Amino acid sequence: MPELPEVETVARTLRPVLEGAVVRSVSVLEKSLVRHGPKGLGVKLRGRKLTAVRRHGKRLTFDFDPGVALHVHLGMTGSLMLEEAGDPREKHTHLVFRFEGSIPELRFVDPRRFGGVWLGEPSSGRFSADLGPDALEVGLREFRTIFSRNRQAKALLMDQGTLAGMGNIYCDEALFRSGIHPLTRGNDITEAQVARLHRTMKKILKGAIAARGSTIRDYRASDGSEGSFQFRHQVYGREGEPCRRCGTAVMRVQIASRSTHLCPSCQPITKS
DNA sequence: AGTAAACTCCGGAAGC
DNA sequence: TGCTTCCGGAGTTTAC
């Protein structure tokens with residue numbers, strides 16, 4: 001669920017509250033969420049100052065004062081909530097971070113446990129080795145290289161190692177608004193269309209960030225607020241409803257093993 | 001009751 | 001042969 005706009009909203013919510021905070025203690029209630037093993041998480045972080053909250057693609061990174069970073073991946077149903085120490089704990093609360101002073105607790109809640117955290121090296125360069133360029137940062141030249149491959153457009157946008165941050169929702173929205181069928185091969189898309197997709201993708205992501213993301217079911221920002229971009233979806237979740245551009249019924253099909261929404265007349269398959 | 005769901009990793013088959 | 005792409009299963013809980 002949380003894709004780039006939702007993770008960015010979480011980062012923006014946490015930043016003013018947590019930057020500068022010093023860790024008092026960490027509780028690991030569900031060990032399987034700590035990917036490198038739970039041993040040492042508290043020891044490693046206790047007494048350290050959180051200096052920055054960063055995001056790359058769907059990944060959040062907390063930098064701590066001397067040379068430690070904690071990466072967080074929210075998976076499908078993960079959330080990071082700011083709550084007072086006395087507040088009742090939500091079910092599926094797996095990690096609790098406490099800070100010095102009157103700063104609220106940070107709680108990692110994740111019913112499906114697809115998310116996780118792991119310790120890493122502090123900020124090294126613009127992006128980490130296992131992720132492609134961030135979808136908001138990627139330049140047109142780099143984007144063209146990505147789309148020079150003989151692979152379905154849907155798969156190219158969704159592969160985090162190729163391009164980081166796009167998930168099912170924004171992928172379908174970006175392809176619709178660019179008039180590209182998700183099955184079209186990267187190397188069958190014209191230069192002009194690739195440029196259009198690059199422009200459209202960023203515009204959608206920025207619009208979604210401004211709307212604080214899309215709340216379909218579970219997603220909430222760290223202060224509990226919902227997003228509103230779901231009201232502006234053109235195809236996602238609109239199977240059978242008329243296309244807002246031409247009136248044709250929106251279709252839902254499986255592409256790259258993912259449920260995919262498209263308008264068959266606005267998004268023709270092209271082949272060169 | 002069965003199935004699908006917004007994610008990622010991984011192994012192996014298939015394609016070029 | 002070797003690289004790229006494709007597919008399905010696992011991990012987990014909830015809701016329709």
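Note that these values count all heavy atoms, side chains included, but never hydrogens, waters or copies made by symmetry. A note on names: the letters A, B, ... follow the listed sequences, proteins ahead of strands, and every chain is numbered from 1. Source: prediction; values computed, not measured.
- The side chain of Gln160(A) lies closest to dT8(B) when the candidates are dT4(C), dT8(B), dC7(B).
- Of the side-chain N and O atoms in Arg185(A), one or more sit less than 4.0 angstrom from OP1 or OP2 of dC6(C).
- Between Tyr170(A) and the phosphate of dA6(B), there is no side-chain N or O to OP1/OP2 separation shorter than 4.0 Å.
- Spacing between atom CE of Met158(A) and atom C1' of dC6(C) amounts to 14 Å, rounded to whole angstrom units.
- Look at Arg151(A) and you'll find a side-chain N or O under 4.0 angstrom from OP1 or OP2 of dC6(C).
- Set against dA5(B), dA6(B), dT12(C), the side chain of Arg252(A) has dA5(B) as its closest nucleotide.
- Straight-line distance from the CZ atom of Arg258(A) to the C1' atom of dA6(B): 7 Å, rounded to whole Å.
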Tyr236(A) vs Asn168(A), side chain to side chain contact (heavy atoms under 4.5 Å, CB included): CA-CA, chis, key distance, verdict: CA-CA 8 Å; Tyr236(A) 187 85; Asn168(A) 216 25; 4.2 Å; yes
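- Taking both residues in full, the closest heavy atoms of Ser225(A) and Arg212(A) are given as OG-NH2, 2.8 Å, listed atom of the first, atom of the second, then distance.
- Side-chain atoms of Lys58(A) lie closest to dC7(B) of the nucleotides dC7(B), dA4(B), dT12(C).
- Rounded to whole Å, the distance from CG on Leu33(A) to P on dT12(C) is 10 Å.
- Checking Lys91(A) against Ala256(A), the closest nucleotide of DNA chain C that is more toward the 5' end is the one next to Ala256(A).
- Each of Arg112(A) and Arg35(A) was matched to the nucleotide of DNA chain B holding its nearest heavy atom; the match closer to the 5' end belongs to Arg112(A).
- The CD1-P distance, from Ile255(A) to dA5(B), rounds to 13 Å in whole Å.
- Regarding His94(A), its NE2 atom lies at a distance of 17 Å from the P atom of dG11(C), rounded to whole Å.
- The aromatic rings of His71(A) and Trp118(A) sit tilted, their planes meeting at an angle between 30° and 60°.
- At distances below 3.5 Å, at least one donor-acceptor pair connects side-chain atoms of Asp134(A) with backbone N or O atoms of Gly57(A).
- Put simply, His92(A) has no side-chain N or O that comes within less than 4.0 Å of OP1 or OP2 on dT12(C).
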Cys243(A) vs Ser265(A), side chain to side chain contact (heavy atoms under 4.5 Å, CB included): CA-CA, chis, key distance, verdict: CA-CA 9 Å; Cys243(A) 169; Ser265(A) 61; over 6 Å; no
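- For dG9(C), the paired base is dC9(B) (Watson-Crick or G-U wobble, both distances below 3.5 Å).
- Applying the 4.0 Å criterion to OP1 and OP2 of dC7(B), one finds that His73(A) has every side-chain N and O outside that range.
- Between Leu163(A) atom CG and dT8(B) atom P there is a gap of 12 Å when expressed in whole angstrom units.
- Within 4.0 Å (heavy atoms only), Ser32(A) reaches no atom of the nucleic acid at all.
- The side chain of Tyr236(A) sits closest to dA5(B) out of dC7(B), dA5(B), dT13(C).
- dA6(B) atom C1' lies 14 Å from atom CE of Met166(A), rounded to whole Å.
- Going from the P atom of dG8(C) to that of dT3(B) covers 16 Å, rounded to whole Å.
- Nearest heavy atom pair, residue Ser214(A) against residue Tyr170(A), reads OG-OH, 2.7 Å.
- The CG-P distance, from Asp159(A) to dC10(B), rounds to 13 Å in whole Å.
- Asn150(A) comes within 4.0 angstrom of sugar-phosphate atoms only, judged by non-hydrogen atoms across all strands, and of no base.
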